Protein chains: 2
Amino acid sequence: MNNTDTQQKIIDAAIAIFNEDFSAPLEKVAEKAAVTRRTLHRYFKDRNDLVMHCERDMQVKCRKSMSEAMNSSTAPLVQLENMLYAGINCGAKYSFFNKIHSRHEHQHNANNEACAEYDAMYENYKSITLQLQENGQISRHLTVEWILTLFSSVINAAVQAESIGSIARNSVKKFAWYSFSKGIGM
Amino acid sequence: MNNTDTQQKIIDAAIAIFNEDFSAPLEKVAEKAAVTRRTLHRYFKDRNDLVMHCERDMQVKCRKSMSEAMNSSTAPLVQLENMLYAGINCGAKYSFFNKIHSRHEHQHNANNEACAEYDAMYENYKSITLQLQENGQISRHLTVEWILTLFSSVINAAVQAESIGSIARNSVKKFAWYSFSKGIGM
DNA sequence: GACGTATTTCTCAAATATGAGACATGAGTT
DNA sequence: AACTCATGTCTCATATTTGAGAAATACGTC
């Protein structure tokens with residue numbers, strides 16, 4: 001196995017584990033990644049280094065998916081739908097990225113690259129929402145903040161449903177979009 | 001301060017902390033509860049004991065709120081709305097209770113009191129949902145599982161929105177019910 | 001103001017988590 | 001078969017977390 005593969009495998013495992021339990025011992029990450037703790041430490045100096053790589057990875061992957069969704073159309077509604085699917089596709093990467101940046105402990109710093117990315121996503125999203133509200137395509141009495149919170153929540157729900165496997169994989173996205181779009185008054 | 005007050009204060013703090021970070025050091029719980037770690041240990045034998053007390057507390061509180069909601073009416077729709085509000089009122093207690101019982105690691109045991117309670121809530125909820133679907137009051141093409149997942153997610157969203165304070169406190173419940181009810185095709 | 005109880009402070013031993021060196025192993029390359 | 005590179009194994013030092021004893025202190029009550 002290529003060494004960048006291993007590194008990525010560890011990062012993916014870490015994101016999955018830390019998303020559920022941020023202070024979980026690195027042993028669990030190693031276990032999930034099917035490597036030794038010793039190997040993990042060869043790739044990442046320490047816990048903090050690993051977390052930073054996770055953040056970077058999430059930032060890059062989420063940005064990529066989200067901008068693809070944005071570019072998929074000029075119609076805000078289509079963009080929004082594809083952004084929802086993009087979030088679901090990113091899975092834990094999206095969930096954790098959001099969680100970490102909306103935590104209380106996390107004090108925001110616009111100079112930080114990941115924070116800037118989060119801001120950018122937020123702004124993109126906000127402008128689409130406002131446009132839809134102005135056009136009267138979605139409810140005007142909901143706040144943009146609530147709509148964003150709901151957006152993340154529905155993605156979480158979908159990701160969770162997929163991982164539990166309680167719902168047919170191909171139905172999840174349809175359900176998610178149905179519930180979200182109706183939920184914002186479409 | 002009464003000693004049961006202190007115990008409860010610690011449990012509440014623990015639920016809030018563990019909900020966000022399950023393996024967080026007990027120091028953080030003590031800090032949140034505004035007591036010394038030494039005091040915490042006088043009330044709880046060890047970490048596991050504390051977690052068990054948290055589970056028990058969540059189980060009792062959630063059951064109480066949920067059964068009140070159930071008894072508030074015989075109309076499924078009113079029951080459902082009040083169950084949503086009940087969940088939001090329980091805050092982290094509801095979120096964490098759900099999280100813990102729907103985790104992968106957690107293997108379910110119907111003999112366990114808390115698990116039984118979770119099952120009971122689930123069944124209650126399920127029967128209401130099915131009734132509404134039969135009556136044609138909500139969409140029939142969504143599965144009960146998805147509706148439950150969405151229910152929990154919307155509660156999480158509301159709880160989070162309240163704790164962040166990004167949305168006026170009295171609006172949150174209205175938004176949540178609006179989005180949830182529309183989201184299930186009402 | 002004395003008394004009992006809860007809590008804090010200080011301290012320390014045990015348990016667990018972290019990080020890394022030294023060497024063995026094993027798969028793939030030439 | 002000799003070589004390389006990634007990974008595993010075994011080991012150990014250090015750091016952090018955990019749990020509890022002992023004495024000091026705060027707090028309400030009588």
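In this text the structure is predicted, and so the values were computed from the model without any measurement. Chain letters run A, B, ... following the sequence lines, proteins first and then strands; every chain starts at 1. Atom set for the values below is all heavy atoms of this structure, side chains included, hydrogens, waters and symmetry mates excluded.
Contact check for B/F44 versus B/I11: side-chain heavy atoms found under the 4.5 Å cut-off.
In this entry the distance linking CG of B/L40 with P of D/dG21 reads 16 Å, nearest Å. Atom CZ in A/R37 sits roughly 16 Å away from atom P in D/dT14 (whole-Å rounding). Spacing between atom CG of A/D21 and atom C1' of C/dA17 amounts to 14 Å, rounded to whole angstrom units. Regarding A/H41, its NE2 atom lies at a distance of 14 Å from the C1' atom of D/dT11, rounded to whole Å. Atom CD of B/E27 is separated from atom P of D/dT16 by 13 Å (rounded to the nearest Å). Atom P of nucleotide D/dT16 and atom CG of B/L26 are separated by 17 Å, given to the nearest angstrom. Look at CG on A/N3: it is 15 Å from C1' on C/dA27, rounded to the nearest Å. In this structure, A/R38 atom CZ and C/dC23 atom C1' are separated by 12 Å, rounded to whole Å.
Note on A/A24: nothing from the nucleic acid sits closer than 4.0 angstrom, heavy atoms only. If you check every strand for non-hydrogen atoms under 4.0 Å, A/R42 touches a base. Looking at heavy-atom distances under 4.0 Å, B/Y43 makes contact with sugar-phosphate atoms alone, never a base.
Checked for salt-bridge contact, A/E113 and A/R56 meet the test: a charged N lies under 4.0 Å from a carboxylate O. Salt bridge absent: B/K32 and B/D12 never bring a charged side-chain N and a carboxylate O closer than 4.0 Å.
At the phosphate of D/dT7, neither OP1 nor OP2 sits under 4.0 Å from any side-chain N or O atom of A/T36. OP1 or OP2 of C/dT18 sits under 4.0 Å from a side-chain N or O of A/R47. One finds no side-chain N or O of A/T6 lying less than 4.0 angstrom from the OP1 or OP2 phosphate oxygen of D/dA6.
The heavy-atom pair separating B/K61 from B/Q8 by the smallest distance is NZ-NE2, 3.5 Å. The shortest non-hydrogen separation linking B/K173 to B/Y85 is O-CE2, 3.6 Å.
For B/P25, the listed nucleotide lying nearest its side chain is D/dT18; candidates were D/dG19, C/dG19, D/dT18.
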